[in-house]
Each structure stands twice: as structure tokens, then as C-alpha cells.
**Student:** 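Got a structure here, written out as C-alpha cells. Questions coming.
Since we're looking at a predicted model, the values are computed, not measured.
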Amino acid sequence: MTESSFAETPSLVAPPLMRRMAAWLYEGMLLFGVVFIAGYLFSTLTQTRNALDNRHWQQAFLFVVFGVYFVWFWSKGQTLAMKTWHIRLVDVNGQPVTQGRAFLRYLLSWLWFFPPLAAGGLFALPGGEVAVIMLGWVLVWALLSRFHAQGQFVHDALAGTRLVHYKPATSPQRTKFWHP
């Protein structure tokens with residue numbers, strides 16, 4: 001480790017739940033751009049003219065694109081939303097996350113969405129009902145972090161990762177050469 005990385009080692013304190021959920025919502029907004037670009041790329045490469053054509057292949061493609069996005073950024077420590085909200089992903093010892101562990105976390109993070117989606121498909125529920133079930137499930141899933149000893153989400157505990165408060169050391173102020 002370099003001297004600067006020691007200075008930037010995060011404390012292993014979990015950020016407040018509200019800040020983590022705010023980062024989660026912000027991440028969702030940022031993913032609209034990722035979905036748009038990936039969807040355009042998929043439609044162009046497959047010459048899909050109707051949104052319902054190749055729907056399952058497109059969903060699989062987006063699953064892979066999301067996986068690449070999250071594994072890449074999590075193995076670097078932060079996504080843009082996490083940087084904005086001063087959150088960093090580390091392993092249980094406070095060390096950077098490997099790509100393998102980031103991939104495991106990505107797979108386990110689908111526990112936020114998979115059960116309501118599976119219930120909707122299994123019982124042929126309309127989209128509105130699935131949305132209500134999804135909202136309730138996300139709320140319960142987030143509140144479960146209150147019962148974890150370090151305040152971590154269940155998928156983080158299972159993946160051996162943790163979200164921590166992280167604010168990088170500020171760089172020294174540059175000398176201004178021009179004063180108005």
C-alpha cells in the first residue's frame with residue numbers, strides 16, 4: 001500500500017440507511033442512461049424494430065451490461081452515485097473488493113428484485129400489483145439492515161462486502177495566480 005492509500009483507508013462504519021437508499025435511487029436514475037445506450041446498441045445490432053421482439057434476449061443483454069457496469073465500478077470502489085453520497089464498497093476487512101467478490105455481490109443484489117418479479121410471473125400479476133409488491137419488498141429488504149450488527153444489507157453480508165462512509169482526503173488548495 002502507498003502512503004496515500006493509508007490516509008484514504010475508510011473507517012468501517014456503515015453510512016446511514018437514508019443515505020444508502022438515496023444513493024440507490026440516484027444509481028437507478030443513472031442507469032436510465034446505461035439502459036438507453038445498451039438498448040440502442042442491442043436494437044441496432046439485432047435489427048429489432050419492435051420493442052417486444054427479442055425481449056428476453058434484450059433482458060439477458062441488459063443483465064450482462066448491468067453486471068459489467070457494477071462489477072467494474074465496485075471493483076474500483078465506487079459508482080458515480082456512491083461517490084456523490086460518500087459511500088465506498090470494501091470487503092469485510094476494509095480492503096478493496098476483487099472482481100470476483102463484486103460479481104458475487106452483483107448476483108446477490110438481485111435479491112432486491114427477483115422475489116417480487118418471480119411472484120409476478122408465477123401468479124401472472126398485472127404490472128401495478130408487481131410494482132406495489134416490489135416497493136414493499138424493497139422497503140422490507142432495506143429495513144433488514146437495521147438487524148445486522150454492522151448495519152449492512154443482507155446481500156452485502158452474504159457476499160462478504162460492506163458499504164462504508166468514505167470521504168477522500170481533500171487536496172491542498174492551489175495558489176490562485178489571478179485575483180479579480
Side-chain angles (χ1 to χ4, degrees), residues 1-38 62-116 134-180:
M1 276 188 160
T2 64
E3 186 175 314
S4 65
S5 63
F6 279 118
E8 295 177 1
T9 301
S11 68
L12 297 179
V13 176
L17 180 60
M18 292 302 290
R19 183 153 41 111
R20 288 183 284 163
M21 294 310 293
W24 186 79
L25 286 173
Y26 184 41
E27 194 76 65
M29 290 189 306
L30 294 174
L31 285 176
F32 275 117
V34 174
V35 168
F36 177 79
I37 292 169
L62 287 174
F63 180 80
V64 171
V65 168
F66 287 165
V68 169
Y69 172 85
F70 283 115
V71 169
W72 172 266
F73 282 109
W74 287 340
S75 64
K76 303 293 182 205
Q78 297 171 298
T79 63
L80 178 59
M82 293 167 77
K83 276 186 181 183
T84 302
W85 288 94
H86 303 293
I87 297 172
R88 190 167 189 84
L89 182 70
V90 295
D91 69 9
V92 292
N93 299 318
Q95 298 301 311
V97 175
T98 64
Q99 286 187 345
R101 190 166 301 273
F103 180 68
L104 177 62
R105 183 179 194 262
Y106 172 69
L107 293 177
L108 290 170
S109 70
W110 279 96
L111 291 172
W112 284 85
F113 304 105
F114 184 71
M134 180 80 69
L135 185 63
W137 179 259
V138 165
L139 180 64
V140 167
W141 197 251
L143 290 175
L144 282 176
S145 70
R146 299 283 205 177
F147 298 105
H148 188 269
Q150 288 87 32
Q152 297 297 321
F153 293 126
V154 175
H155 68 278
D156 281 313
L158 293 173
T161 59
R162 55 190 309 157
L163 294 173
V164 296
H165 172 75
Y166 177 78
K167 188 142 185 171
T170 56
S171 58
Q173 294 289 332
R174 291 191 212 170
T175 305
K176 292 183 181 179
F177 293 106
W178 177 72
H179 296 282

**Student:** Quick one: are D156 and R105 in side-chain contact, heavy atoms under 4.5 Å?
**Tutor:**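 Side chain of D156 against side chain of R105, heavy atoms only: contact under 4.5 Å found.
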**Student:** State whether the number of non-hydrogen atoms from other residues, nucleotides or ligands found under 6.0 Å of F63 atom CZ is greater than 12.
**Tutor:**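 Above 12, so yes.
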**Student:** Quick one: OG1 on T98 to CG on D91, what's the gap to the nearest 0.5 Å?
**Tutor:**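 It is 8.0 Å, given to the nearest 0.5 Å.
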**Student:** Say you draw a straight line from NE2 of H155 to OG of S145; how long is it, rounded to the nearest 0.5 Å?
**Tutor:**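 Between atom NE2 of H155 and atom OG of S145 there are 10.0 Å.
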**Student:** Nearest 0.5 Å please: distance from the CG atom of L80 over to the OG1 atom of T84.
**Tutor:**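 L80 CG to T84 OG1: 4.5 Å, rounded to 0.5 Å.
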**Student:** Under 6.0 Å from the CD atom of Q99, do we count more than 12 heavy atoms belonging to anything else shown?
**Tutor:**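 It does not: Q99 CD has 12 such atoms or fewer within range.
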**Student:** Could you give the side-chain donor-acceptor pairs of residues 12-38 under 3.5 Å, partners two or more places apart or in another chain?
**Tutor:**
unit_1	atom_1	unit_2	atom_2	d
R19	NH1	W85	O	2.8
R19	NH1	H86	O	3.1
R19	NH1	H165	ND1	3.2
R19	NH2	H165	ND1	3.0
R20	NE	P15	O	3.0
R20	NH1	G151	O	2.7
R20	NH2	G151	O	3.0
E27	OE1	T79	OG1	2.4
E27	OE2	Y69	OH	2.6

**Student:** Can you sort out the partners of R101 under salt bridge (Lys or Arg N to Asp or Glu O under 4.0 Å), two or more places apart, ordered by chain and number?
**Tutor:**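 Testing R101 for salt bridge (Lys or Arg N to Asp or Glu O under 4.0 Å), a comparison that skips the adjacent residues, returns none.
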**Student:** Please name the pair of heavy atoms, one in S109 and one in F113, separated by the smallest distance, quoted to 0.1 Å.
**Tutor:**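 Taking every non-hydrogen atom into account, O-CD1, 4.4 Å.
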**Student:** Does W110 CH2 have over 12 foreign heavy atoms under 6.0 Å away?
**Tutor:**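 It does: W110 CH2 has more than 12 such atoms within range.
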**Student:** With rounding to the nearest 0.5 angstrom, report the NZ to CZ distance, K167 to R88.
**Tutor:**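 Spacing of NZ (K167) from CZ (R88) equals 14.5 Å.
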**Student:** I'd like to know if the side chain of N93 and the backbone of Q95 have a donor-acceptor N/O pair within less than 3.5 Å.
**Tutor:**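 The answer is no, because no donor-acceptor pair under 3.5 Å joins these two groups.
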**Student:** Can you tell me how far the CH2 atom of W74 sits from the CE atom of M82, to the nearest 0.5 Å?
**Tutor:**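 If I round to the nearest 0.5 Å, the distance is 7.5 Å.
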**Student:** Out of curiosity, L163 CG to Q152 CD, how far, rounded to the nearest 0.5 Å?
**Tutor:**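 Between atom CG of L163 and atom CD of Q152 there are 5.5 Å.
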**Student:** Checking the side chain of W137 only, and the main-chain atoms of L111 only, is there a donor and an acceptor separated by less than 3.5 Å?
**Tutor:**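 Yes, the answer is positive, given that a donor and an acceptor are paired below the 3.5 Å cut-off.
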**Student:** Test of understanding: with ring pair (Phe, Tyr, Trp, His ring centres under 6.0 Å), list the residues that count as partners of F66, not counting sequence neighbours.
**Tutor:**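 Expected list: none.
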